[in-house]
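First up is the structure itself, then whatever we jot down about it.
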Amino acid sequence: MIGRLTGILAEKRLPNQALIDVAGVGYEVELPMSSFAQLPSEGEKVQLTIHHVVREDASLLYGFSSSKEREAFRLLIRVSGIGPKSAILILSGLSAEELYRVIQTEDLNSLTKVPGVGKKTAERLIVELRDKIKALAPIDITDDLIAASSGTLISDSDAIITDAIEALVSLGYSQTEAKKRVNKIAKPGLTLEAIIPLALKL
């Protein structure tokens, strides 16, 4: 089983996939947006903690910027009705520390804002994770996504805004909601990689 990948970031594929070149072999890795936003520029060295899923018809890699985020993913997929795709979506809208906070405080409102998470699913998450979530307790939450992100900067063109809206739609948001969120965030100086996670946090 693959537990970690260290190599060159060959491609960033919006909304949340990366191609990692390790000694000439390209590994396709799906990431939550919180980890995607922290990827370096293409061509630079990258290291990701990996959760490897092997099925009869596929071998899938899910990548994370930290062991804590991978632990959050593993906790989520143990909840009945939550698969890897849903777990990635949840962690795209909530960091590991934020997930800890909403479970501890039983914040149904924050959970149901994540695409695909209805009230019943949110209640099930709280019930099943309440006693298992201590490993995600935050040390210090500092989300400076703007400063940490690298990528194409917004210019006079609408192309980046369009790409950001399409990325949110592919993550499960309606076109109207995606436009609303991106328009609140987008401004000159922000990168595409920064806009998406910031919009998800609204």
Item to check | Sequence-distant partners of S80, side chain to side chain contact (heavy atoms under 4.5 Å, CB included), two or more places apart | outcome: R124, E128
Checklist entry - Out of curiosity, R74 CZ to K132 NZ, how far, rounded to the nearest 0.5 Å? => result 15.0 Å
Checklist outcome for this item: On a heavy-atom basis, the closest approach of R130 and E106 is NH1-OE2, 3.1 Å
Item to check | Atom pair NZ (K45) and CD1 (I8), whose distance is rounded to the nearest 0.5 Å | outcome: 8.0 Å
Checklist outcome for this item: When every non-hydrogen atom of I133 is compared with those of Y100, the smallest separation belongs to O-CD1, 3.2 Å
Checklist entry - Around R4, counting heavy atoms of other residues, nucleotides and ligands shown, do more than 12 lie under 6.0 Å from its CZ? => result no
Next on the checklist: How long is the straight-line distance from CD of E71 back to CG of L76, given to the nearest 0.5 Å?
Outcome noted: 10.0 Å
Checklist entry - Would you call L9 and I20 a side-chain contact if the rule is heavy atoms closer than 4.5 Å? => result yes
Checklist entry - With a 4.5 Å limit on heavy-atom distance, are the side chains of I90 and I82 in contact? => result yes
Checklist entry - Do the non-hydrogen side-chain atoms of K85 and L89 ever get within less than 4.5 Å of each other? => result no
Checklist outcome for this item: Residues passing the side chain to side chain contact (heavy atoms under 4.5 Å, CB included) test with L61, sequence neighbours excluded, are I2, L5, Y27, V29, I50, H52
Checklist entry - Which heavy atom in R55 sits nearest to a heavy atom in L60, and how many Å separate them? => result NH1-CD1, 3.5 Å
Item to check | Common cluster, L14/L19, ILVMFWY with side-chain heavy-atom separation under 4.5 Å | outcome: no
Next on the checklist: Does any part of the side chain of L111, heavy atoms only, come nearer than 4.5 Å to the side chain of L94, both counted from C-beta?
Outcome noted: yes
Item to check | Closest non-hydrogen atom pair between F36 and Q17, with its separation | outcome: CE1-O, 3.5 Å
Checklist entry - Does V127 belong to the same Ile/Leu/Val/Met/Phe/Trp/Tyr cluster as I77, with side-chain heavy atoms less than 4.5 Å apart forming each link? => result no
Checklist entry - Which atom pair, heavy atoms only, marks the closest approach of A122 to L108? => result CB-CD2, 3.5 Å
Next on the checklist: For R101 and E97: C-alpha separation, side-chain torsions, deciding distance, then whether salt bridge (charged side-chain N to carboxylate O under 4.0 Å, His left out) applies.
Outcome noted: CA-CA 6 Å; R101 188 164 55 235; E97 290 85 358; over 6 Å; no
Checklist entry - Quick one: CE on M1 to OG on S59, what's the gap to the nearest 0.5 Å? => result 7.5 Å
Checklist entry - Between P32, P115, S34, which is the residue that forms a side chain to side chain contact (heavy atoms under 4.5 Å, CB included) with S92? => result P32
Checklist entry - Do you know the tightest heavy-atom contact between S35 and S65? => result OG-N, 2.9 Å
Checklist entry - Which value, rounded to the nearest 0.5 Å, describes the distance between T162 atom OG1 and K179 atom NZ? => result 9.0 Å
Checklist entry - Quick one: CZ on F64 to CZ on F73, what's the gap to the nearest 0.5 Å? => result 4.5 Å
Item to check | Within-4.5 Å side-chain heavy-atom neighbours: L48 and L39 | outcome: yes
Next on the checklist: For residues V22 and L31: do they belong to one hydrophobic cluster (side chain heavy atoms under 4.5 Å, members Ile, Leu, Val, Met, Phe, Trp, Tyr)?
Outcome noted: yes
